[in-house]
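Read through the structure below, which is laid out as structure tokens, and then see the notes.
Atoms considered below: every heavy atom in the structure, side chains included; atoms not considered: hydrogens, waters and symmetry mates. Computed from a predicted model, the values in this text were never measured in an experiment.
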Amino acid sequence: MTGSATPVHLLTEYEREPKNINPAVAPRFSWQIQSTEQATTQCAYRILVASSSSVLSRNTGDVWDTGKVRSNRTTAIVYNGSPLEPETAYVWKVQIWTEKGASSAWSAVHSFTTALANSDSAWEGRWITYDPIPRVKNAVTVHSSGLNSLLKTNRSNPLVHTYPR
């Protein structure tokens with residue numbers, strides 16, 4: 001039996017459709033209840049998380065299906081499904097039951113995307129560092145007081161810059 005209560009304003013980690021969820025930390029799901037009846041309370045919920053909208057449209061959670069959970073909680077429901085993959089988009093929706101036993105229609109579909117893996121092996125690259133000026137024989141040194149020709153670089157005065165000829 002379908003009632004007049006509907007889960008709305010779905011959030012993942014307190015954000016609407018976030019794009020940077022850490023895949024190593026279980027995200028939390030939240031929603032609000034909209035109802036045409038006064039004082040409607042939730043007594044159970046079911047969350048589905050899927051790898052695609054087509055899977056979710058069949059009311060299947062291939063990543064996580066809580067089953068019907070008897071609870072009035074609507075905030076910070078901790079994900080407890082398959083490990084989340086880095087750089088992956090997921091979709092989810094929720095259905096609720098009221099204290100009268102009426103089930104809601106499924107909520108609108110919402111999404112979240114996981115961030116890069118939090119491991120050194122996931123990163124490639126090299127630090128960008130300062131390379132000091134190489135020692136050059138027969139160099140021209142520019143002093144703050146003028147231009148002098150020297151055979152060696154002057155390392156004792158920081159206001160001296162040496163340029164190759």
Side-chain angles (χ1 to χ4, degrees), residues 1-136 158 161 163-164:
M1 140 168 115
T2 301
S4 60
T6 306
V8 295
H9 306 297
L10 278 64
L11 301 174
T12 306
E13 280 302 303
Y14 306 103
E15 293 182 44
R16 186 184 163 129
E17 306 202 4
K19 305 283 186 223
N20 61 344
I21 298 296
N22 183 343
V25 179
R28 295 164 292 183
F29 301 99
S30 303
W31 59 89
Q32 295 176 353
I33 300 169
Q34 184 175 48
S35 178
T36 57
E37 299 176 19
Q38 289 186 342
T40 299
T41 58
Q42 170 190 300
C43 68
Y45 66 84
R46 181 181 177 195
I47 299 172
L48 298 178
V49 179
S51 58
S52 70
S53 295
S54 62
V55 171
L56 199 61
S57 69
R58 297 189 302 267
N59 294 333
T60 303
D62 63 339
V63 179
W64 187 38
D65 182 345
T66 64
K68 185 176 179 179
V69 176
R70 296 199 179 281
S71 173
N72 64 353
R73 288 189 55 206
T74 62
T75 59
I77 309 298
V78 179
Y79 174 82
N80 193 24
S82 301
L84 298 174
E85 295 295 323
E87 296 183 273
T88 305
Y90 294 95
V91 289
W92 72 285
K93 63 184 179 179
V94 63
Q95 181 181 37
I96 63 170
W97 284 263
T98 67
E99 75 284 355
K100 295 178 182 176
S103 64
S104 72
W106 285 101
S107 68
V109 174
H110 284 261
S111 68
F112 65 94
T113 304
T114 53
L116 290 171
N118 219 6
S119 123
D120 290 338
S121 64
W123 297 94
E124 290 183 24
R126 191 169 61 87
W127 283 102
I128 299 172
T129 61
Y130 167 75
D131 291 327
I133 298 172
R135 293 183 184 196
V136 178
H161 301 286
Y163 302 94

Minimal non-hydrogen separation, V55 against S51, with atom names:
CG2-OG, 4.4 Å
For this output row, return yes or no: ring centroids of W31 and Y45 closer than 6.0 angstrom.
yes
Atom pairs and distances, donor-acceptor, side-chain atoms in residues 74-86, under 3.5 Å, two or more places apart:
residue, atom, partner, partner atom, Å
Y79, OH, S82, N, 3.1
Y79, OH, S82, O, 2.4
S82, OG, V63, O, 3.4

For a side chain to side chain contact (heavy atoms under 4.5 Å, CB included) check, start with the C-alpha distance between L10 and E17, then their side-chain angles and the critical distance, and finish with the verdict.
CA-CA 9 Å; L10 278 64; E17 306 202 4; over 6 Å; no
If you round to the nearest 0.5 Å, how far is CH2 of W92 from CD1 of I47?
6.0 Å
Roughly how far apart are K93 NZ and S111 OG, rounded to 0.5 Å?
14.0 Å
Flag, side chain of S35 to backbone of E37, donor-acceptor distance under 3.5 Å:
yes
Between S57 and S54, which heavy-atom pair has the shortest distance, and what is it?
OG-O, 2.7 Å
V49 and F29: CA distance, side-chain angles, deciding distance, side chain to side chain contact (heavy atoms under 4.5 Å, CB included) verdict
CA-CA 11 Å; V49 179; F29 301 99; 4.0 Å; yes
Using every non-hydrogen atom in the two residues, find where T60 and A50 come nearest and quote the distance to one decimal.
O-CB, 3.8 Å
Name all residues meeting the salt bridge (charged side-chain N to carboxylate O under 4.0 Å, His left out) criterion together with D65; count only those two or more places apart in sequence or in a different chain, and write none if there are none.
R46
Interatomic distance, OG1@T114 vs NZ@K19, rounded to 0.5 Å, equals 11.0 Å
Going through the distances and angles, do L56 and W106 end up as a side chain to side chain contact (heavy atoms under 4.5 Å, CB included)?
CA-CA 11 Å; L56 199 61; W106 285 101; over 6 Å; no
Considering residues, nucleotides and ligands other than R70, do more than 12 of their heavy atoms fall under 6.0 Å from its CZ?
no
Is a side-chain donor or acceptor of S71 paired with a backbone partner of V69 at a separation under 3.5 angstrom?
no
Checking the side chain of S107 only, and the main-chain atoms of P7 only, is there a donor and an acceptor separated by less than 3.5 Å?
no
Value for CD1 (I96) from CD (Q32), rounded to nearest 0.5 Å, stands at 11.5 Å
Whether the side chain of T98 engages the backbone of T41 through a donor-acceptor N/O pair (distance < 3.5 Å, no angle test) should be reported.
no
Heavy-atom count around E99 CD within 6.0 Å, excluding the residue itself: above 12?
yes
Between OG1 of T66 and CG of L48, what distance do you get to the nearest 0.5 Å?
7.0 Å
One should read off an interatomic distance between I21 CD1 and E15 CD, to the nearest 0.5 angstrom, of 6.0 Å
Between the main-chain N or O of W97 and the side-chain N or O of Q42, is there a donor-acceptor pair closer than 3.5 Å?
no
